[in-house]
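Predicted model, so just to flag it, every value in this text is computed and none were measured. Reminder, nothing fancy here: chain letters follow the sequence lines and each chain counts from 1.
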Number of protein chains: 2
Amino acid sequence: MKKIKSLGYDVVFEDNLNELQSFLIDHDYSQLLILVDRNTNDHCLPVLQASIPDIVDYDIIEVDPGEENKNIDFCIGVWKTMLDFGADRKALMLNLGGGVVTDMGGFAAATYKRGIDFINVPTTLLSQVDASVGGKTGIDLDNVKNIIGTFSQPQAVFISTAFLKTLDDRQIRSGFAEIIKHGLIQDKALYQKCKSLELPVVPNEIVFESVQIKNNVITIDPKEKGLRKILNFGHTIGHAIEGYSLENDQSPLLHGEAIAIGMICEAYLSFKLNNLEEAELEEIVQYLSSVYPKYQFDQSIYPILLGLMRNDKKNENNQLGFSLLRSIGDCDFNKYVEEADIIESLDYYRNLNS
Amino acid sequence: MKKIKSLGYDVVFEDNLNELQSFLIDHDYSQLLILVDRNTNDHCLPVLQASIPDIVDYDIIEVDPGEENKNIDFCIGVWKTMLDFGADRKALMLNLGGGVVTDMGGFAAATYKRGIDFINVPTTLLSQVDASVGGKTGIDLDNVKNIIGTFSQPQAVFISTAFLKTLDDRQIRSGFAEIIKHGLIQDKALYQKCKSLELPVVPNEIVFESVQIKNNVITIDPKEKGLRKILNFGHTIGHAIEGYSLENDQSPLLHGEAIAIGMICEAYLSFKLNNLEEAELEEIVQYLSSVYPKYQFDQSIYPILLGLMRNDKKNENNQLGFSLLRSIGDCDFNKYVEEADIIESLDYYRNLNS
């Protein structure tokens with residue numbers, strides 16, 4: 001069992017979840033609510049139940065899976081179900097799922113009766129390496145990602161790689177994009193380790209190291225006043241593409257797939273505007289292209305993408321704020337980029353050999 | 001100009017709002033959003049504009065007035081308008097209105113892009129003495145009052161009694177109920193001063209003293225773990241009656257009118273269960289009955305009222321938690337009351353001479 005100290009709480013890495021049962025027994029919560037989606041209800045809840053055999057009294061709240069459902073309508077449904085279950089201020093919410101469940105469950109808990117405690121048991125690789133630390137909760141509105149939310153820390157996070165066995169290859173690769181990102185922005189050695197892996201197997205050690213990197217950043221800058229913005233590398237353009245795809249594709253891109261595209265475009269911007277060496281740009285592009293399939297789109301969607309970028313939370317004073325690499329393992333933030341350059345980076349991506 | 005130090009911010013009492021203009025000039029906000037309802041747009045915005053002549057660049061967001069509109073649908077409208085205006089994380093929200101505007105505007109600001117700054121300029125007596133300090137933001141869901149919200153402090157609050165001239169007698173009396181409450185729970189002298197007043201005139205000094213009492217309580221216990229609960233005197237039953245009235249009456253009770261009923265019922269419970277002297281009960285009932293009209297309802301609505309009370313945020317472990325007087329000027333909290341006694345207190349109110 002390993003632990004990382006985050007902002008006032010522990011992230012516990014333990015495949016058998018013994019510590020989770022102890023946590024639930026030791027705390028005097030009036031009620032336990034478990035938030036799941038249909039997938040985690042079927043595949044992860046049995047694993048959880050087997051791990052906490054002494055905890056038998058709880059209520060289940062189920063939402064539909066998928067980023068397209070991480071919206072205010074589903075959040076209202078969660079609040080109403082909490083009311084129906086008579087949840088009081090001393091209830092505990094356990095979010096069992098990927099980022100959709102932990103983001104929305106965290107927001108619902110943080111705003112229900114002005115805030116009840118919650119814990120996260122992330123079940124996807126993406127949520128284990130990304131949503132597990134940092135205290136960001138949120139939901140989407142009009143396809144603008146996470147535009148409504150709070151900074152609210154869970155009481156604890158429990159990470160078991162046992163849940164990763166429930167994921168398909170595509171979901172593993174999606175989560176893996178955030179691990180690659182952590183390497184690119186802070187740790188060249190981790191990036192090199194990523195390149196040596198045979199996906200979809202991701203060793204526990206890599207998950208742990210990845211969370212450590214993110215945790216170091218967010219404990220220095222919890223409210224994203226400065227340094228924390230480097231975690232947004234790939235996300236300004238990536239979020240816009242994800243939002244577009246959610247709205248327009250029958251089988252939308254997964255978060256990490258969109259972020260991989262964003263990282264290619266923003267690596268190009270890093271080369272053009274922030275002194276990233278061309279050789280490193282080419283190496284990043286080659287590697288990401290080997291892990292993620294090419295996404296087809298044409299120039300006609302650029303205005304939509306730019307519109308989505310303008311609503312990005314990272315913008316200030318009407319400027320599009322990017323985080324750009326200086327080299328592999330080193331990233332700058334608050335880089336303001338002209339629309340013409342963004343368009344050039346989208347052209348660059350489209351013109352890559354698929 | 002007088003100031004009260006609250007939780008990290010100042011409550012400024014100044015009829016000409018000079019300090020507000022200085023605040024806006026001194027702070028480097030990217031944008032100013034002013035939230036109003038139709039009434040404050042017509043009657044209070046001109047007063048505000050005249051007070052801050054050097055501030056000319058802002059956007060107005062308007063919502064419908066009335067507690068029945070302090071709900072998630074209107075909040076979504078506010079969020080979308082903020083997006084449409086391109087508000088970034090360094091924007092400032094100025095809430096100009098009564099409790100509906102300050103509660104909802106505070107919540108919208110506290111959750112937009114994970115939180116932007118906001119200031120309150122309360123324009124009703126109720127919001128000046130109640131919502132101005134304490135950091136409670138919130139909206140209603142399914143007629144359960146303030147069930148969704150956060151504890152979020154404004155950057156400042158500016159109180160000008162110039163706005164009270166825009167109110168009718170009924171609104172003044174509604175706000176006055178909270179001043180009476182502050183006397184009943186903490187300050188017998190203030191209660192006696194209330195009794196000597198000729199409504200609807202409320203001297204500045206009384207507003208100031210009332211905010212001081214509330215501020216003393218909430219700075220000791222910001223998150224309502226204990227002492228702060230005394231501010232809920234009259235509110236467990238009062239909120240239920242208010243929720244019922246909102247749903248069922250063509251011209252619903254105002255907040256303070258419902259709280260006055262709640263205070264009579266809960267004074268009765270204080271007499272029956274918490275050693276309040278019968279003479280003090282009678283004096284309270286006589287005074288409140290002289291200020292507020294009798295509300296007619298019959299036993300058939302008791303189940304609805306009890307259902308609303310069960311969803312009250314103050315409940316823990318399935319018990320209805322009340323704050324009950326020990327004497328005028330002294331209040332206890334965490335008093336758990338049986339439903340039979342609540343019913344008796346409702347009967348007591350109904351049987352008063354109208």
[X] side chain to [Y] main-chain N or O, any donor-acceptor pair under 3.5 Å?
| X | Y | result |
| --- | --- | --- |
| A:E266 | A:I237 | yes |
| A:N71 | A:D73 | yes |
| B:K90 | B:D28 | no |

Practice item. Would you sort out whether A:K181 and A:L231 count as a side-chain contact (heavy atoms from CB on, under 4.5 Å), showing the intermediate values? Key: CA-CA 8 Å; A:K181 183 198 76 183; A:L231 296 169; 4.0 Å; yes

Revision key, fill the gap. Those residues at least two apart in sequence (or on a different chain) that pass side chain to side chain contact (heavy atoms under 4.5 Å, CB included) with A:V100 are A:E67, A:K70

Euclidean distance, [Y] [atom2] relative to [X] [atom1], rounded to 0.5 Å:
| X | Y | atom1 | atom2 | result |
| --- | --- | --- | --- | --- |
| A:L305 | A:I342 | CG | CD1 | 10.0 Å |
| A:H182 | A:F233 | NE2 | CZ | 12.0 Å |
| A:L324 | A:I230 | CG | CD1 | 12.0 Å |
| B:C75 | B:N69 | SG | CG | 12.5 Å |

Check your understanding: Under 4.0 Å between a Lys/Arg side-chain N and an Asp/Glu carboxylate O for B:E224 and B:K136?
Key -> yes

Review point. Do the side-chain N and O atoms of A:H235 and A:E242 include a donor-acceptor pair separated by under 3.5 angstrom?
Key: no

Point to revise | Residues A:S30 and A:D88: side-chain donor-acceptor under 3.5 angstrom | key: yes

Point to revise | Within residues 76-87 of chain A, residues adjacent to chain B where the heavy-atom gap is under 4.5 Å | key: A:I76, A:W79, A:K80, A:L83

Practice item. Name, in order of residue number, those residues of residues 105-113 of chain A that have a heavy atom at a distance of less than 4.5 Å from a heavy atom in chain B; otherwise write 'none'. Key: A:F107, A:A110, A:T111, A:Y112, A:K113

Review point. Under a 4.5 Å cut-off applied to non-hydrogen side-chain atoms, are B:V157 and B:V133 in contact?
Key: no

Review point. Are the side chains of B:I139 and B:D103 in touch, meaning some heavy atoms are under 4.5 Å apart?
Key: no

Point to revise | Residue part contacting chain A, namely of B:Q31, when any heavy atom lies under 4.5 Å | key: neither

Exercise for review: With chain A as the partner chain, list the residues of residues 148-155 of chain B whose heavy atoms fall under 4.5 Å from it, by residue number, and write 'none' if nothing qualifies.
Suggested key: B:I148, B:G149, B:T150, B:F151

Review point. Where on A:R89 is there a heavy atom nearer than 4.5 Å to chain B: the side chain, the backbone, both, or neither?
Key: both

